[in-house]
Amino acid sequence: MPADLDEKTDRYERLLADALDAASVAPPDGTPLAESAAEYREMAQSYLDDGRHFRETGDPVNALAAFSYGHAWLDAGARIGLFAIPTGDNLFTV
């Protein structure tokens, strides 16, 4: 059964927003890795904002893509140690 586009877009938007709230910068302030974490976080936030804009303008396909890309930035950052993330939930693939 194919996934419903609106439901999936809703789910991925929530996933990205929740992951942004849950991830905290792991490296110490003032270090190059902390700067990288800030850049990864900014990219994820930008994709969340873009996805919401696409959604408001009636473009759910690009909204879903933006939410997915944003989450990929957070997952990648978590995997390489830029973010401290909660364990035991489904927000990250690490």
Side-chain angles (χ1 to χ4, degrees):
M1 171 194 298
D4 176 77
L5 180 59
D6 288 331
E7 183 278 325
K8 191 168 191 175
T9 304
D10 288 343
R11 188 164 24 104
Y12 277 61
E13 179 181 7
R14 278 191 315 274
L15 179 67
L16 175 52
D18 290 348
L20 270 166
D21 288 341
S24 60
V25 173
D29 287 341
T31 64
L33 287 177
E35 290 177 24
S36 293
E39 291 172 0
Y40 273 58
R41 191 172 186 76
E42 181 179 354
M43 289 299 295
Q45 182 64 56
S46 293
Y47 275 114
L48 179 61
D49 296 342
D50 289 349
R52 288 174 172 166
H53 170 76
F54 287 133
R55 191 158 227 207
E56 289 170 5
T57 60
D59 189 353
V61 171
N62 280 320
L64 178 58
F67 298 144
S68 298
Y69 291 147
H71 195 271
W73 277 94
L74 291 179
D75 261 343
R79 181 161 296 266
I80 63 174
L82 296 179
F83 301 114
I85 57 169
T87 57
D89 60 24
N90 295 323
L91 294 177
F92 297 91
T93 60
V94 176

statement: Nearest heavy-atom contact between Pro60 and Asp6 is CB-OD1, 4.4 Å

Phe83 versus Trp73, closest heavy-atom pair with distance: CE1-O, 4.5 Å

task: Can you measure from CE (Met43) to CD (Glu39) and round to the nearest 0.5 angstrom?
output: 9.5 Å

message: Applying ring-ring contact (aromatic ring centres under 6.0 Å, His included), can you list everything that pairs with Phe54, at least two apart in sequence or on another chain?
response: none

field: Side chains of Phe92 and Pro86 in contact at under 4.5 Å (non-hydrogen atoms)
entry: yes

task: Taking all heavy atoms of Thr31 and all of Pro28, pick out the closest pair and write down the distance.
output: OG1-O, 2.7 Å

message: Rounded to the nearest 0.5 Å, what separates atom OG1 in Thr57 from atom CG in Asn62?
response: 8.5 Å

field: Value rounded to 0.5 Å, distance of CZ in Arg79 from CG in Leu74
entry: 13.5 Å

- prompt: Looking at residues at least two apart in the chain, or sitting in another chain, which of them share a salt bridge (Lys or Arg N to Asp or Glu O under 4.0 Å) with Arg55?
  reply: Asp10, Glu13

field: Neighbour count >12 (heavy atoms, 6.0 Å) for atom CG, Asp21
entry: yes

message: Suppose the criterion is side chain to side chain donor-acceptor pair (under 3.5 Å): which pairs have a residue in residues 81-94, not counting sequence neighbours?
response: Asp75-Thr93

message: Tell me every residue that passes ring-ring contact (aromatic ring centres under 6.0 Å, His included) with Tyr12, counting only those two or more places apart in sequence or in another chain.
response: none

Residue pair Leu91 / Asp18: nearest heavy atoms and the distance that separates them: CD2-CB, 3.7 Å

query: Would you say Leu15 and Phe67 make side-chain contact, with heavy atoms under 4.5 Å?
result: no

- request: Scan residues 17-38 for pairs that pass ring pair (Phe, Tyr, Trp, His ring centres under 6.0 Å), counting only residues two or more places apart or in two chains.
  value: none

Spacing of Leu33 atom CG and Tyr40 atom OH [to the nearest 0.5 Å]: 10.0 Å

message: Looking at every heavy atom in both Ala63 and Gly51, which two are closest together, and how far apart are they?
response: CB-O, 3.3 Å

- prompt: Looking at Ala26 and Ala84, what are the two nearest heavy atoms and their distance?
  reply: CB-N, 3.8 Å

- prompt: Between the side chain of Arg41 and the main-chain N/O of Gly77, is any donor-acceptor distance below 3.5 Å?
  reply: no

task: Tell me, please, which residues at least two apart from Arg11 pass side chain to side chain donor-acceptor pair (under 3.5 Å).
output: Glu7

- prompt: At what distance, to the nearest 0.5 angstrom, does CZ of Arg52 lie from OG1 of Thr9?
  reply: 13.0 Å

- request: Check whether any side-chain heavy atom of Leu64 lies under 4.5 Å from a side-chain heavy atom of Leu5, and answer yes or no.
  value: yes

